[in-house]
Structures are given as C-alpha cells and as structure tokens.
Amino acid sequence: MAYRRHCTPRCLVPLLFVLYVFLSIPVQIPAGTEAQDSQLSIERPNTNLANSDKFSSVVRDLRTARIIETGSLTAILPVTSSSLPTFRDTLSPFLGSLSCVSKVFVVCPESLLPQSRASIRELMGLVPENLNHPDVSLHPWRDGGDPIAGVLRTAAQASSKWILLLDDAGFDGLSGRTRDMLLCPMAADLPVGPRGVMDDRCVPPSPEMRPASYLLPPFTLPSALIQMSHSDWSDLGRAISLSRNDRLGGIVRGHGDPDVNWCNGVCHSDSPTNHSRLFSGAPFPPTTSRRSPPGHFVFLLPNIDDLHLVLHLLCKLDHSGHFLKILLHSDPRPASGVKSRSSCYLEYDTLSPGRYVYPMIYDWLQRLEREVDVIFIVDDPATQSVKNERATLVRIPPEDLMHTHWMGSLSLTEWTNWNVPNIDVSVITQDRPQSLARLMTSLSQARFFGDSVGLRLNMEQSSDLETIHMVGEFEWRHGSVFTHRRVIHGGLLPAIVESWYPYSNHSYGLLLEDDVELSPLFYAWIKMGILRYRYGEDRDQTNQLFGISLYQQKNIELHPEGRKTFDPRGLFVKHGVADPSTPYLSQIPCSWGAVYFPEHWREFHDYLGARLSESTMEIERIVVPDVRSNNWTKSWKKYFIEMVYLRGYVMLYPNYADFVSLSTNHLEVGSHVKERPKEKQEVFRLPLMKLEESWQLLDLPRGTLPRWGTLPVLNLTGFLSGLEEIGR
Ligand SMILES: *[C@@H]1O[C@H](CO)[C@@H](O)[C@H](O)[C@H]1NC(C)=O
Ligand SMILES: *[C@@H]1O[C@H](CO)[C@@H](O)[C@H](O)[C@H]1NC(C)=O
Ligand SMILES: *[C@@H]1O[C@H](CO)[C@@H](O)[C@H](O)[C@H]1NC(C)=O
Ligand SMILES: *[C@@H]1O[C@H](CO)[C@@H](O)[C@H](O)[C@H]1NC(C)=O
C-alpha cells in the first residue's frame with residue numbers, strides 16, 4: 001500500500017483534471033424536441049437557480065471558508081406539546097462543550113411556558129458547575145399564532161452573528177457529523193444544512209454541496225439574513241435568493257445521516273409547503289421501513305460522450321444520495337464544462353492520453369479514498385482486466401449505455417445483487433416458422449445489459465422441417481443455446497411445463513410460446529422487477545410472488561360468464577388508488593411472456609405431478625370455484641391457477657400508459673387455436689415499448705417500482721383484494 005501511495009507522480013499518470021460541471025442533457029430523446037419535457041418530469045430542470053459557473057464559485061468559496069468563532073452562534077429551538085416529553089434529550093446536545101453555541105433560545109407557546117421552564121431547570125441542575133455551557137432562555141409566542149413565524153421572529157432578535165434554526169425535533173435523525181457541522185458551522189454567507197428543497201423536491205443530503213431554493217431546519221445562517229417579516233422557511237429562502245445574483249436560497253450538506261433518504265420521493269406528492277406539518281417533527285412523514293443506505297459508485301467510462309449517455313442514470317443516483325466517482329479513461333479531448341439545465345452536479349477525473357490505459361485505471365482505483373460498492377464499467381478492451389474483490393462489477397456494452405436510465409432507480413442492495421439472478425429464456429415451438437422467426441428477431445434485438453442469458457429452444461415431435469432448420473441456424477450472442485425435440489407428441493401441457501426447470505434458487509425462467517413478440521426492453525423490466533422484489537429491501541416479504549409478466553392484461557378471461565375487458569388504470573382511479581400508474585399484483589398467471597421464479601415453478605411441478613396422478617383427488621374435481629379455467633382441458637394454466645388459488649400467490653404486471661407492453665401475442669393458429677378472426681387478434685395485440693423510449697420504463701409512481709406493501713392486488717377475476725385476503 002505504502003508503495004502505491006508514494007510512487008504515483010513518477011510512474012503513473014499526471015492525473016490532472018478535476019472538472020466541475022453541471023450536466024443534464026436528456027440524451028435518449030432526439031435533441032431539440034418537445035418530448036424532453038416528458039422525460040424531464042422525472043428530474044425536472046432547475047430553471048432559474050444556481051447557474052453552473054456561479055454555483056461552482058460558491059462551492060469553491062465554501063470549501064475554503066473558515067469555521068465561525070466560538071460563542072458567535074445562537075440556537076433557536078422550539079418546543080411543542082408533542083416534543084415536550086423528550087425535550088431534555090433534544091436540548092442536551094447544546095450543553096456539551098464542543099459547540100460554538102453561546103445562547104439557546106427556547107421558543108414555546110405561552111401555554112407550555114410552565115412545563116418548559118421546569119424541564120430546563122431540571123436539566124440545568126444536572127450540568128456540572130464547572131462546565132461551560134450556553135445560556136438557555138425562554139421565549140414564548142402567542143398561542144394560536146403561527147409557530148414558524150414565532151421562531152423566525154425570535155431569531156431576528158438574537159444579537160449574535162450566526163443563527164442555528166431548528167424545529168422541535170432538534171438533531172433527531174441526523175448523524176453525529178452533521179450535528180457537529182451545525183454546532184460549529186463554516187462561515188457561509190447563506191443557509192447551510194442537511195435538508196433542502198429545490199423546485200419543490202427534496203435535495204438528498206451529501207457531503208458534496210448541493211444547491212437549494214430553500215432549507216428546512218436544522219440549518220445555520222448569518223443573523224443578518226433574518227428579518228421579522230418572514231412568514232416561513234420558503235419565504236426566508238426566497239428573500240435570500242432574491243438578494244443574490246446566483247439565486248441560491250441555501251446549500252444542502254449532510255454527512256452520512258441515517259435518514260439520508262428522508263425525502264425519498266415524498267416531496268412531489270406531499271406538498272412541502274404544508275407548513276403545519278413542517279413544524280411537528282420531521283418535515284415529511286418518516287419513511288416507514290428500511291431503506292437502502294447510500295453507496296459508493298465508480299463509473300469507468302471511455303469518454304465524455306459516454307458520460308452524456310449515462311447522465312440520467314448518474315443524476316438519478318446522485319439525487320438519491322449515492323456517492324459517485326467518475327473516470328473518463330480514454331478521452332483524447334481536453335474536457336470542458338457542459339451547459340447545464342438542471343441541478344445535477346458531477347465531478348469527473350480524466351487520464352492524460354497514453355498507451356497504457358489499464359495501469360492508470362488501476363492506480364486511480366487504488367487511490368480512491370473509500371471502499372467502493374459498485375463499479376460500473378463500459379465494456380472496452382482497456383477495462384477488461386478490472387477486478388475488485390469487494391465491489392460488484394457491472395459491465396455494460398457500449399451500445400446499451402443509452403438505455404440504462406432505469407438502473408438509476410435501483411437501490412444499493414439491488415445494485416450489489418446485479419450479478420446474482422440468472423435468467424433463462426425458454427422458447428416453445430411446433431410448426432409455425434413465421435411466428436418463430438418473428439419471436440427470434442425480437443429476441444435478438446432485445447438489450448441484455450451485458451448479462452449472460454441461456455436460451456432453450458424446445459421443439460415438438462411434430463415440428464416441421466423449416467422450424468427445425470430455423471432453430472439450427474439461429475445465432476445467439478448472449479449465452480449458451482440448448483435445443484430439445486420430443487420423440488412422442490406431448491401436446492402443449494408437457495411442452496410448456498417441461499421446457500424449463502430451475503437449476504438453482506437464483507435461476508429464473510422466461511417461457512415464450514412462438515406467437516409471442518417481445519419489446520427490446522423486456523429484459524430491463526424483468527431485471528428491475530427481480531432485483532427489487534427478490535433481492536431488494538422487501539425481499540423477505542415477497543414469497544407470494546411467483547413471477548413477472550411482460551404482458552399487460554387488457555382482458556380477464558376467468559369470469560364464469562366469459563371474457564371481460566380490463567383496464568387497471570380505470571379500476572385504480574375508481575377505487576382511489578393513490579397512483580393509478582402503479583404496476584400491480586394479480587393472481588392470474590400469464591402465458592404470453594412471463595418469467596417464473598424457481599421455488600414456485602418447482603412447487604408447480606410437484607403439484608402437477610400429484611394432481612395428474614389423481615393420488616389425492618379425481619382429475620375432474622373443481623378446485624377453484626367459479627372460474628372459467630375449470631372448463632379448459634389439457635391446459636397447464638388451469639393447474640397453475642389452482643395452485644395460485646390454494647397458496648395465495650401473485651404475479652407482477654406492468655401498467656404503462658395506453659397498454660404499452662413488454663410483450664404481445666399474435667394469437668395465431670396453433671394447437672389451441674383453430675381459427676382466429678382479425679378482430680379477435682386485435683383484442684389481444686398490444687403496442688410494444690420501443691427501444692427509443694426506454695425512459696418509459698420509469699413511468700412509475702415516483703419513478704421507481706413501488707414498495708411491496710403498496711402494490712394493489714387483484715384476485716383471479718380482477719377484483720381489488722389484499723395479499724392476506726387471497727392468502728387466507
Ligand atoms: C397539511 O397537513 C395537515 C396534517 O397532515 C393536514 O391536516 C392539512 O389538511 C394539510 N394542509 C394542506 C393545505 O394540505
Ligand atoms: C432453495 O430454496 C428452497 C425453498 O425456499 C430451500 O428449501 C432451499 O434450501 C434453497 N436451496 C439453497 C441451496 O439455498
Ligand atoms: C363449464 O363446465 C361446467 C361444469 O363442468 C358446465 O356446467 C358448463 O356448461 C361448462 N361451460 C361451458 C361454456 O362449456
Ligand atoms: C374475487 O373477488 C370478488 C370480490 O370480492 C369475489 O366476488 C370473487 O369471487 C373473487 N374471485 C375469486 C376467484 O376468488
């Protein structure tokens with residue numbers, strides 16, 4: 001290690017530029033079209049704040065700013081009836097000696113004056129005589145008056161040079177380092193704190209400085225910026241930003257706060273301007289369960305053009321509070337700043353041009369200060385040998401870079417499981433070579449993001465020569481190919497059920513009959529779903545999930561009376577589901593493009609074996625009351641429906657606008673289907689998500705797949721239900 005630390009200047013790179021740039025150009029969308037707005041609704045551009053050059057100069061100034069003098073800070077701490085019981089804990093951090101605070105103004109409603117006074121007396125009685133501690137004084141405000149205005153009015157009366165504004169939660173939910181930063185802040189001429197809002201969205205705290213239109217407490221600022229007249233936090237921020245030519249209302253900065261995701265996605269649904277909420281504890285409702293912590297990501301990209309292609313991904317990760325280090329390892333051009341349209345702020349390193357790129361990359365990686373969680377690599381000869389024992393390597397082919405936007409929604413846990421699941425594609429065909437050709441073409445055009453995907457081609461005994469020939473000729477670039485042909489005609493049931501069997505608990509099977517056609521983005525949808533619900537934060541709760549459908553449901557076939565059209569968005573609107581664009585869970589297994597999970601598929605084999613042997617019941621027995629599948633004969637789905645019904649299992653379905661789907665069905669003449677009128681084919685055919693529109697994958701509530709517990713659940717006949725209800 002020591003060797004490395006000392007040798008760099010001579011043997012390795014003059015590793016030069018560190019560039020501060022604002023970047024945000026949606027790259028997937030043809031430049032200059034109006035369509036940009038729809039994409040940017042995910043990361044709205046910051047239109048009038050913090051122009052890039054100005055913000056970088058603010059950051060430069062702050063990096064070198066001194067710490068304020070001891071004793072020059074007054075803390076304004078409100079107490080409310082809900083915070084009174086824990087008030088002693090809230091106040092105690094101010095009584096330690098390691099702080100610049102000389103005065104604490106406790107602000108309380110008049111009615112709480114006696115209790116507050118008693119509480120302070122009691123606490124001060126516990127402080128040793130010889131300990132230096134700040135003066136604590138009480139400042140009542142009129143009951144019924146606006147508490148935030150009360151806090152700001154009290155702050156305006158302080159005579160010290162600096163002010164620390166808090167809400168009644170004090171430092172609750174913050175890390176020790178962030179608390180220390182607030183107790184002895186740097187001398188900045190604008191508000192600095194861990195919680196801010198930009199364009200009505202929360203800005204996740206990070207050690208890097210981020211611009212904000214206003215801050216929420218706790219934050220520090222020069223007392224000169226506070227006037228009696230401010231009505232609330234955003235009003236204060238607005239007044240400050242108007243007085244500055246960079247239009248900043250504050251700087252967000254935090255250090256590893258436990259609630260780094262405190263604002264994750266909440267801002268745009270719950271208006272941050274609801275001030276009555278801001279005062280009682282956390283400004284936004286606390287997140288209800290575990291969140292993934294922030295991660296350290298390294299991006300090894302050839303050049304600035306590649307950086308542009310993954311900008312959306314980078315900005316999304318940055319916004320979620322992750323730490324990013326970026327190296328452009330083969331950019332021959334002198335880099336320069338990129339014109340900004342949003343608040344995404346990225347730094348990157350470059351290597352000086354040279355012949356031996358890999359040693360320089362190696363050295364750069366060695367000199368990173370932190371342990372890295374994920375290394376994102378564009379597949380390239382220079383990076384082929386990159387290895388890391390601890391970090392997860394994610395290798396993406398250059399041609400897929402511009403379709404990686406969806407990866408920005410993954411949590412750290414999901415990223416670190418990137419290489420764990422194995423997805424096999426299993427095609428079942430008989431004698432429809434044209435259909436098969438269409439399916440195979442759509443498969444070869446799909447994007448697999450560097451994953452190795454095994455392909456199984458299963459032919460029936462009665463397969464025609466053209467089909468057999470086609471299977472033999474097919475070129476598959478993404479993994480191994482396995483071909484299979486029956487010698488005794490089996491029919492569709494064994495053809496499907498035996499076409500795939502899981503190899504391990506991380507093995508997933510995508511079953512495709514040959515009249516299905518795929519969207520080039522189908523794999524991204526599957527991978528995103530598997531990572532979220534099988535490997536993400538909610539993985540322990542999701543064992544009822546047996547698979548992920550590519551196909552959107554537009555009809556429900558299981559009603560006893562017959563097929564009915566189905567519109568999930570309409571149904572969700574009618575029942576007041578918070579965001580009708582949410583994907584949902586349905587008990588119906590899909591046979592027109594769906595991936596099945598290993599445990600459930602194994603269990604199905606066992607169930608089917610027992611059911612067909614009639615060892616426990618006669619074959620005619622009706623298991624699920626009142627569903628049309630009871631009348632289906634020789635159908636694997638009929639039995640899968642029985643198992644799903646008995647076990648309370650569900651499948652995840654997409655729910656994109658206008659039934660845009662990841663697979664569609666052409667309903668061609670085959671073993672089940674004797675004749676198909678055109679109209680009937682149209683009932684089932686769906687528009688496929690286009691490659692150029694890969695940003696659509698994140699047209700999801702809050703731009704990400706929802707938490708497990710918030711997904712709507714439909715039963716076999718398409719009625720809204722609950723997981724407990726169907727699981728009984
Ligand atoms: C603000 O939030 C409170 C508490 O959740 C709620 O009762 C109130 O209706 C909200 N006000 C507005 C204007 O949304
Ligand atoms: C695979 O999953 C099954 C069912 O959950 C479990 O019983 C089995 O132990 C797992 N196998 C391995 C190797 O983890
Ligand atoms: C479906 O099966 C039930 C009972 O097995 C029978 O009564 C009914 O007529 C069948 N319906 C159709 C449409 O075949
Ligand atoms: C689905 O739920 C509806 C309404 O609760 C109920 O009438 C129907 O029987 C359920 N379907 C099945 C197959 O359980």
Side-chain angles (χ1 to χ4, degrees), residues 413 416-417 419-424 500-509 529-536 538-549 553-568 570-577 584-591 595-611 617 621-632 635-653 655 708 711-728:
T413 318
T416 54
N417 281 291
N419 297 311
V420 180
N422 257 309
I423 299 165
D424 295 322
W500 174 78
Y501 195 78
Y503 161 67
S504 78
N505 281 354
H506 299 295
S507 141
Y508 298 83
I530 289 182
L531 288 175
R532 172 73 28 110
Y533 300 119
R534 298 277 297 182
Y535 299 92
D538 294 339
R539 63 183 171 271
D540 297 337
Q541 305 157 36
T542 60
N543 52 12
Q544 278 170 275
L545 185 67
F546 69 79
I548 298 176
S549 174
Q553 295 185 103
K554 203 178 172 185
N555 294 277
I556 296 224
E557 302 208 73
L558 294 178
H559 295 283
E561 325 68 283
R563 186 176 71 225
K564 286 191 182 166
T565 59
F566 176 69
D567 168 20
L571 180 79
F572 296 161
V573 168
K574 202 169 108 200
H575 286 87
V577 170
Y584 59 92
L585 303 172
S586 160
Q587 289 206 272
I588 303 174
C590 176
S591 57
V595 66
Y596 287 82
F597 295 173
E599 310 92 89
H600 306 83
W601 194 254
R602 275 191 215 113
E603 186 181 4
F604 178 52
H605 265 242
D606 295 345
Y607 177 80
L608 193 61
R611 185 80 167 88
M617 60 173 112
R621 179 87 149 263
I622 286 180
V623 174
V624 191
D626 300 327
V627 290
R628 222 164 55 123
S629 53
N630 291 332
N631 288 52
W632 299 347
S635 160
W636 69 277
K637 255 169 75 175
K638 168 183 170 173
Y639 300 109
F640 206 98
I641 287 167
E642 292 179 1
M643 182 183 84
V644 153
Y645 176 80
L646 294 170
R647 293 273 194 255
Y649 288 159
V650 287
M651 174 164 252
L652 180 77
Y653 278 82
N655 180 16
W708 176 250
L711 291 165
V713 181
L714 305 181
N715 74 6
L716 284 168
T717 37
F719 290 88
L720 266 177
S721 191
L723 279 172
E724 301 75 33
E725 230 170 291
I726 59 165
R728 270 164 309 219

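Order of listing sets the numbers, starting from 1, for every ligand and every atom in it.
Formation of a donor-acceptor pair under 3.5 Å by the His600 side chain with backbone atoms of Asn543 is found in this model. A donor-acceptor pair is defined here as one N or O able to donate and one able to accept, closer than 3.5 Å; no such pair exists between the side chain of Gln587 and the backbone of Met651. In this structure a side-chain-to-backbone donor-acceptor pair under 3.5 Å is missing from Trp500 to Tyr596.
Counting heavy atoms from C-beta outward, Arg647 and Gln544 have side chains that stay 4.5 Å or more apart.
Residues of the protein with a heavy atom under 4.0 Å from ligand 2 are Asn505, Glu599, listed by chain and number.
With hydrogens and angles left out, the side-chain atoms of Arg534 and Asn505 include no donor and acceptor closer than 3.5 Å.
The side chain to side chain donor-acceptor pair (under 3.5 Å) test applied to Asn715 returns Thr717, not counting sequence neighbours.
Considering backbone and side-chain N/O atoms, Asn715 comes within less than 3.5 Å of an N/O atom of ligand 4.
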